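Just so it is clear, the model here is predicted, and its values are computed rather than measured. One is the number of the first residue; the rest follow in order along the sequence.
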Amino acid sequence: MSNSAYNTHALPPMSTEDLKIEILRCGNNPPHFMRKYCKIQHPVKGLINFDLYDFQEECIRQFRKHRFNIVLKSRQLGLSTVSAAYVTWFALFRKDKNVLVIATKLNTAINFIKKVRTILDNLPPWLLISKFEPTKQTIRFSNGSTITAVPTSLDAGRGDAISLLVVDEAAFIRDFDDIYTALYPTISTGGNAIILSTPNGVGGQYYKLWVEAEAGANDYNPIRLPWNVHPEHDQAWYDKETKNLPKRKRAQEFLCDFI
């Protein structure tokens, strides 16, 4: 259930000490930071407060609890926005962190950075504890942290020390097997990884990682998110969204079914 009553940017006057306490709370509690201070761009409603749903908050808890997370998800769950908010929190409140986001194409990478910019541009000034310099694909913070979003390429992130790797729609990334092989050494010495995707048939690196994660055969924490984890997605919504889709597409896009 959404928590819109919780989400408000209006704060009573606070002393310097109270502001410090609130900043520390935001740094230690990303859902609190997101619900209370983050704004996102809604395609219909425009700029709105980020009302986390319970399943989204649970994802964030899992991201913090486990170094390696792999998410098998339905469409239209807002996970790209959750990921953008999480990496914003991660870079803003942590020093010298290198965040790399890999997307299927350039436009998707640029849109990811736009989501981060929307959050940063609408934070209260006292919460911007690190100044930032944005470009289309990179945001650099004065605390030494960086968020970079790039399209698929075999040399993406190669040679960099990555603190947090986010791969969006991994099952649809060309040559992801080779890209992952090249990237893994950069996170294996202490970095974190979040790999998200809807299924795209049996086979490939993403499928292999998911199957092994479910079997406990690798270090990844598996998170499965079918369409009905969203509290606003009822049977009528599902029937409408899938009415004109063939069975295979319904299984792939909404049921988290590889086959």
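- To the nearest 0.5 angstrom, His42 atom NE2 is 12.5 Å from Asn49 atom CG.
- The hydrophobic clustering, which links ILVMFWY residues whose side-chain heavy atoms are closer than 4.5 Å, places Leu106 and Val101 apart.
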task = Could you check Trp227 against Glu241 for side chain to side chain contact (heavy atoms under 4.5 Å, CB included), going step by step and ending with a plain yes or no?
result = CA-CA 11 Å; Trp227 67 274; Glu241 293 293 323; over 6 Å; no
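- At least one donor-acceptor pair closer than 3.5 Å links the side chain of Gln56 to the backbone N or O of Leu77.
- With no hydrogens or angles considered, a side-chain donor-acceptor pair links Gln62 and Asn221 at under 3.5 Å.
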request  = Would you sort out whether Arg117 and Lys136 count as a side chain to side chain contact (heavy atoms under 4.5 Å, CB included), showing the intermediate values?
outcome  = CA-CA 10 Å; Arg117 277 290 309 273; Lys136 282 188 175 181; over 6 Å; no
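- Hydrophobic clustering, with ILVMFWY side chains joined whenever heavy atoms are under 4.5 angstrom apart, keeps Ile223 apart from Leu255.
- In this structure the side chain of Leu164 reaches within 4.5 angstrom of the side chain of Tyr86, judged on heavy atoms.
- Each of Ile194, Ile102, Asn192, Ile195 was checked for a side chain to side chain contact (heavy atoms under 4.5 Å, CB included) with Leu165, and the lone residue meeting it is Ile102.
- Each of Ile21 and Ile129 belongs to its own hydrophobic cluster when Ile, Leu, Val, Met, Phe, Trp and Tyr are linked at side-chain heavy-atom distances under 4.5 angstrom.
- Between His233 and Tyr238, the ring center distance fails the sub-6.0 Å criterion.
- Hydrophobic clustering keeps Ile40 apart from Leu47 (ILVMFWY residues linked when any side-chain heavy atoms are closer than 4.5 Å, directly or through intermediates).
- Classification of the Tyr184-Tyr180 ring pair by plane angle, with boundaries at 30° and 60°, yields tilted.
- No donor-acceptor distance shorter than 3.5 angstrom exists from the side chain of Thr198 to the backbone of Ser74, with no hydrogens or angles considered.
- With hydrogens and angles ignored, the 3.5 Å screen pairs no side-chain donor or acceptor of Thr242 with any backbone N or O of Leu245.
- Taking 4.0 Å as the cut-off between side-chain N and carboxylate O, Glu58 and Lys65 do not count as a salt-bridged pair.
- In this structure, Leu100 and Thr186 have side chains that are not in contact, with every pair of non-hydrogen atoms separated by 4.5 Å or more.
- At least one donor-acceptor pair closer than 3.5 Å links the side chain of Gln137 to the backbone N or O of Ala149.
- For the atom pair OG1 (Thr88) and CE (Met34), the distance works out to 8.0 Å, reported to the nearest 0.5 Å.
- Between Arg61 and Arg64 the shortest side-chain heavy-atom distance does not fall below 4.5 Å.
- Put simply, NZ on Lys208 and CD on Glu212 are 3.5 Å apart, with the number rounded to the nearest 0.5 Å.
- Linking ILVMFWY side-chain heavy atoms closer than 4.5 Å, directly or via other members, places Tyr53 and Val71 in a single hydrophobic cluster.
- For the pair Phe132/Val116, no side-chain contact is recorded, criterion being any heavy-atom separation below 4.5 Å from C-beta on.
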task = Determine, step by step, whether Leu196 and Ser83 satisfy the side chain to side chain contact (heavy atoms under 4.5 Å, CB included) criterion, reporting the C-alpha distance in whole Å, the side-chain angles of both residues, the deciding distance to 0.1 Å, and the verdict.
result = CA-CA 10 Å; Leu196 312 99; Ser83 300; 3.9 Å; yes
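- Remark: the backbone N or O of Lys131 is paired with a side-chain donor or acceptor of Ser142 at under 3.5 angstrom.
- With rounding to the nearest 0.5 angstrom, the CZ atom of Phe50 is 13.0 Å from the NZ atom of Lys39.
- Between the CG atom of Leu128 and the CZ atom of Phe141 there is a distance of 8.5 Å, given to the nearest 0.5 Å.
- In terms of modelled atom types and a separation under 3.5 Å, the side chain of Arg224 and the main chain of Cys256 share a donor-acceptor contact.
- Checked against a 6.0 Å centroid threshold, the rings of Phe176 and Tyr206 do not count as neighbours.
- Between Ile139 and Pro134, the closest side-chain pair of non-hydrogen atoms falls below 4.5 Å.
- Considering Phe254, Phe55, Trp237 in turn, Phe55 is the only one that fulfils the ring pair (Phe, Tyr, Trp, His ring centres under 6.0 Å) rule with His230.
- Taking the six-membered ring for Trp, Trp89 and Tyr37 have ring centres at least 6.0 Å apart.
- Side chains of Asp175 and Thr152 form no contact here, defined as non-hydrogen atoms less than 4.5 Å apart.
- Judged purely by atom type and a 3.5 angstrom limit, Arg67 uses its side chain to pair as donor or acceptor with the backbone of Ile187.
- Looking only at distances, no side-chain donor or acceptor of Asn200 sits under 3.5 Å from a matching main-chain atom of Phe172.
- Judged purely by atom type and a 3.5 angstrom limit, Ser145 uses its side chain to pair as donor or acceptor with the backbone of Asp96.
- In this structure, CD in Glu169 is found 7.0 Å from OG in Ser80, a value given to the nearest 0.5 Å.
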ask   = Hey, mind stepping through Asn111 and Thr108 against side chain to side chain contact (heavy atoms under 4.5 Å, CB included) and telling me if it holds?
value = CA-CA 5 Å; Asn111 283 338; Thr108 306; 5.7 Å; no
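- Residues Ile60 and Leu52 are in side-chain contact: their nearest non-hydrogen atoms beyond the backbone lie under 4.5 Å apart.
- A heavy-atom distance below 4.5 Å is found between the side chains of Phe33 and Leu127.
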